[in-house]
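Count residues from 1 along the sequence.
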Amino acid sequence: MAGTGVRVRLLGPVEVVVADAPQAVNGVRRKAVLATLALHVGRVVSVDRLIDVVWGEQLPATAANTLQRHVSYLRGVLGEPGSIVARQPGYVLNTGPESTDVQAAERLVELARRSSDRNEQVAHLTAAVALWRGPPLADVAGSAWLEEQAEHLARLRLEAERALAEARLSVGEHARLVPGLERLVRQHPLDEHLHAQLMLALYRDGRQGEAVATYRRLREALREDLGIDPSPRLRDLECAILRQDTAIAAPVPAAAAQPPVAAQLPPPVPTFTGRDAELAALDALVDRGGAVVVSGTAGVGKTALVVHWAHRAAERFPDGQLYVNLRGFDPAATPTDPARALHGFLEALGVPVARMPSDRDLMVGLYRTTVAGKRLLVVLDNARDAEQVRPLLPGSPDCLAIVTSRDQLLPLVVTESAQPVPLDLLSPGEARDMLARRLGASQIAAEIGAADDIADRCARLPIALAIVAARAATNRHFSLAAVAGELGDLGAFHGGDEATDVRAVFSWSCRTLSPPAVRLFRLLGLHPGPDVSVPAVASLAGITPQASGPLLTELTRANLLTEHTYGRYAFHDLLRAYAAGLADEAEAPADRSAAVHRLLDHCLHTAHAADLALHPHFSDISLPPPRAGVTPERPRNKVAATEWFTAEVPVLLAAVPLAARAGFEGHAWRLAWTMAGFLHRQGHWQDWLGTQRIALAAASRIGDQTGQGHAHRSLGLACSRLRRYDEADDHLRRAFDLFTDVGDDAGRAHTCLNLGQLAERQGQHHQALDHSRRALTLFRRAGNEAGQGYTLNAVGWHEGLLGNYHRALESCGEALRKLQEVDDVQGQADTWDSLGHAHHQLGDDRRAIACYEHALDLFTQVNDRYAEASTYVNLGGSHRALADFGATRVAWRRALSILDELGDADADTIRADLAQLDASRLH
């Protein structure tokens, strides 16, 4: 079968995408051949059928030979000879499952149809509608059959859009639906279903008059064009709107009525047993509040105990449970920064990113304010020292914090009155019970002496017992005495030290694995992150994902790895340290370096692909090709890219310093570059700064001026966001100089644009305009159309802020044309808003309103909620200038709703403006 990296896109102009890179298909008839095969993907299309579709009645004498040449050409475009297979009586497109956008759209629509969860329906249908890039099969007109297929695909889109509107209405998204429904109604002026949805959305948004007017416009259109009246269903809806029937009221968004309940605990160990005294001690402390420190040696079962107890006691904490692994003793990573842990806690508690402070002390204050009065359990697992823990203590008497550590954390006991709960080795009885839970009580009872022997040889450490039990459970024909005999005299090996004891058991366990599994276990010790995905495992080992699956299963069955989330694997700190030691001993330095190189290639190329999916016009760094054996992932769309970054950010944050330490400085700065945008949007300011500082140092060590330029520029953006304006200016100017030295006009242009944004933040509008004009010149020199569009909009915006409104209109108009040419929706939305501002300032508020409505339609498409709110504020201002106070109130209320949802401080300003508007109307 052909590779799965090939996709054929039909929902718009016909095109091929290979490894996420569009490939041109030249010639209308070649596109028609490809479209016909793609619409029958996986099925044979006869030569006669292909000739009839492609040529119709204009059949040339050489049609069969020409068809062969077209197929040969298409195989070259698709990149694999087996992509189109000759099979009697014709050809079959063999690009694998869901390799066309039509298949993907049909699957998503079907998933939505089968789902009873309205939010799932919205997600599936949104993804489906996003696959259309314009009229389907847009560039193969002339074939009657293909035109019929195009009509069918257009109907499929309309059905998906109708279903999406229905689902969004059911979850209370009526206000955000209106602009899109208005567009659909204009495109389908006689469609009663769409008109009914628009009427309902308008009515639920407090626009009863507009809802009735929508009905009456449709009624007149139907009478004029078709000589009929609206259906009884639509007439009934109009009557319900007129009498304000409660049956059509907006659904109450239950999720918005109260903040989410955090539920971050990892799953409990199913075979947990014993520890009755410690569980009782925790039970006795539950109502006391404050902090508890559970301490003990590595592998003694601290996390298992606390997580087991936390699940058992969850109902005593009705406001939720927070959990973080602080990685205090992880041999492959630095301990978790308390600021990062706080960010995760605040997200789990429902605090929007817009409200996240950049300063750690402010985050601590917000965290403690948010949990005040709540009954929360906070589990701080694997802490290194008291300083790492203190910022994460909730500080509320109604909350309980449980800390696990290999250290006793005496400073917390002394200064924070934390209650110590020391955890020792399992008792002989508890060790026996643990084996019984895993192997069965009857087997232990039959060989109780051998069971006790195993427990002693494992130093009664739970992690060692779990590994030995896994070996026995998968080899039921072994007696326990045989298993104990396999262990040998580990006492001579470890000399009585528990940590060495457990390493001896690890050594014994590895001897039972296949050689490929042992090699994979060693290489996993080189991975820096808290967990690892299957594709990353494959790249690390230089094997295929299919080959890595059985090896991961083998390691999981041996209890050397755990699949803590579907498709993601992790192991205990002791196992990680042991695996890393094996890698140092058994892998040649060149092999270790090659494995790390493959892993970093995997992270870098996948992160770059994800960043391209999110920002297709601004991912402007070049990458060296990946090493042989690397299988990067290719996120399909913005949603998949966001999900990948969310899962992998902890790995990437560890990969940047690993690359710098291991001599892969180019990977270090490029990895930091690829994740900067995601860290920015998620509000991880300190991580953003930290990775860019490492990137700058790495690029400087190897004299890479391009890398230094990108790192300085990103540091400038981060410092600007953190209001460190002097630092930001210094970094941006250094970036500009470096890009000048290497002749990178695009880098200089981006930096000038950023200097303009920095100047605007400080109220320096003339300087901002100068920087933006300079950026425009450089983007033109670099031939970057999207950059020119964004910068022309910036020039127009700054002209408008300086009162030069006609110049603003000229620049923004040119910006809009360029951004439409490159199909950059975000840039178009920003520009429509700028145009609205200029028209408003010139007193042409009707035109300003039209511009703002265009902007809102586009902001809705890209889900830019903050920009949407800002434009609603501007729209309200234009309505107010026309003395349309009802429309003003509606626009500002929408803005207020969004800002309240985002937790933005500007909401108070809009609330005050609404109050003033209402007061002025009363007088």
- With the side chain counted from C-beta on, respond yes when W309 and V286 share a heavy-atom pair under 4.5 Å apart, and no when they do not. yes
- Note on the structure: In this structure, CZ of R204 is separated from CG of L169 (nearest 0.5 Å) by 5.5 Å
- Query: Any donor and acceptor pair, going by atom type alone, linking the side chain of K302 with main-chain N or O of G296 inside 3.5 Å?
  - Reply: yes
- Message: Run the side chain to side chain contact (heavy atoms under 4.5 Å, CB included) test on D913 and V873 for me, step by step, so that the C-alpha distance in whole Å, both residues' side-chain angles and the decisive distance to 0.1 Å come before the verdict.
- Response: CA-CA 10 Å; D913 288 344; V873 172; 5.8 Å; no
- Query: Counting distance only, does the side-chain N/O of T860 pair as donor-acceptor with the main-chain N or O of L177 below 3.5 Å?
  - Reply: no
Could you pull out all donor-acceptor pairs under 3.5 Å where a side-chain atom in residues 399-408 meets a protein atom, sequence neighbours excluded?
{"from": "T404", "atom 1": "OG1", "to": "D381", "atom 2": "OD1", "distance (Å)": "2.4"}
{"from": "T404", "atom 1": "OG1", "to": "N382", "atom 2": "N", "distance (Å)": "2.7"}
{"from": "S405", "atom 1": "OG", "to": "A383", "atom 2": "O", "distance (Å)": "2.7"}
{"from": "S405", "atom 1": "OG", "to": "D407", "atom 2": "N", "distance (Å)": "2.9"}
{"from": "S405", "atom 1": "OG", "to": "D407", "atom 2": "O", "distance (Å)": "3.3"}
{"from": "D407", "atom 1": "OD1", "to": "L409", "atom 2": "N", "distance (Å)": "2.6"}

- When rounded to the nearest 0.5 Å, the distance separating CG of L322 from CD of E347 is 12.0 Å
- Item | Between S714 and W688, a side-chain donor and acceptor under 3.5 Å | yes
- Message: For a 4.5 angstrom cut-off between non-hydrogen side-chain atoms, does T691 reach H684?
- Response: no
- Give, for atom OG of S533 and atom CD of E648, the distance between the pair rounded to the nearest 0.5 Å. 4.5 Å
- Backbone of A167 reached by a side-chain donor or acceptor of S170 within 3.5 Å: yes
- Message: So L856 and E868, do their side chains get closer than 4.5 Å, heavy atoms only?
- Response: yes
- Query: Closest approach of Y872 and A895, non-hydrogen atoms and distance?
  - Reply: CB-CB, 3.7 Å
- Query: Taking all atoms of both residues into account, what is the closest heavy-atom pair of W673 and D611, and its distance?
  - Reply: CZ3-OD2, 3.6 Å
- Does V532 reach the side chain of V651, with side-chain heavy atoms less than 4.5 Å apart? no
- Message: With rounding to the nearest 0.5 angstrom, report the CZ to CG distance, R724 to L689.
- Response: 5.5 Å
- Would you give the length of the straight line joining atom CG of L917 to atom CZ of R893, rounded to the nearest 0.5 angstrom? 9.0 Å
- Quick one: ring pair (Phe, Tyr, Trp, His ring centres under 6.0 Å) partners of F678, sequence neighbours excluded? F645
- Item | Any V656 side-chain heavy atom under 4.5 Å of L652 side chain | no
- Derivation and outcome, side chain to side chain contact (heavy atoms under 4.5 Å, CB included), residues D687 and M675: CA-CA 10 Å; D687 288 334; M675 62 194 299; over 6 Å; no
- Between R693 and L715, is there a donor-acceptor pair closer than 3.5 Å when you use the side chain of the first and the backbone of the second? no
- G716 to A728 - nearest heavy-atom pair and separation: O-CB, 3.3 Å
- Query: So do the side chains of Y569 and L524 get within less than 4.5 Å of each other, counting heavy atoms only?
  - Reply: no
- Note on the structure: For H174, the ring pair (Phe, Tyr, Trp, His ring centres under 6.0 Å) test, sequence neighbours excluded, returns none
- Task: Output yes when a side-chain donor or acceptor of R437 lies under 3.5 Å from a complementary backbone atom of F272, and no otherwise.
- Result: yes
- Message: Taking the side chain as everything from C-beta on, heavy atoms only, tell me whether V379 gets closer than 4.5 Å to L265.
- Response: yes
- Message: Between Q388 and D385, do the side chains contain a donor N or O and an acceptor N or O under 3.5 Å apart?
- Response: no
- Say whether, by atom type as modelled, one donor and one acceptor occur between the side chain of R889 and the main chain of G876 under 3.5 angstrom. no
- Task: Can you sort out the partners of R911 under salt bridge (charged side-chain N to carboxylate O under 4.0 Å, His left out), two or more places apart, ordered by chain and number?
- Result: D900, D908
- Indicate the atoms forming the closest heavy-atom contact of A672 with A695, along with that distance. CB-CB, 3.7 Å
- V307 versus P268, closest heavy-atom pair with distance: CG1-CA, 3.9 Å
- Counterpart residues, side-chain hydrogen bond (donor to acceptor under 3.5 Å, both in side chains), relative to E416 (two or more places apart): R390
- Message: Quick test of your reading of the model: are R275 and D424 salt-bridged, counting only N-O distances below 4.0 Å?
- Response: no
- Apply the test side chain to side chain contact (heavy atoms under 4.5 Å, CB included) to residues L392 and L326: give CA-CA distance (whole Å), side-chain angles for both, the deciding distance (0.1 Å), then the verdict. CA-CA 11 Å; L392 305 175; L326 294 173; 3.7 Å; yes
- Task: Not counting sequence neighbours, list each pair that qualifies as a ring-ring contact (aromatic ring centres under 6.0 Å, His included) and has a residue in residues 376-419.
- Result: none
- Query: Going through the checks in order, is the side chain to side chain contact (heavy atoms under 4.5 Å, CB included) test met by V371 and D398?
  - Reply: CA-CA 9 Å; V371 304; D398 296 318; over 6 Å; no
- Side chain of R375, backbone of R316: donor and acceptor closer than 3.5 Å? yes
- Query: So, for I694 and A660, which heavy atoms are closest and what is the spacing to 0.1 Å?
  - Reply: CG2-CB, 3.8 Å
- Task: Just do the salt bridge (charged side-chain N to carboxylate O under 4.0 Å, His left out) check on D337 and R327 with the steps written out, would you?
- Result: CA-CA 10 Å; D337 189 322; R327 305 185 73 187; over 6 Å; no
- Message: In the structure I gave you, are the side-chain heavy atoms of L285 and V421 within less than 4.5 Å of one another anywhere?
- Response: yes
- Query: What is the distance from atom NE2 of H731 to atom CD of Q692, rounded to the nearest 0.5 Å?
  - Reply: 10.0 Å
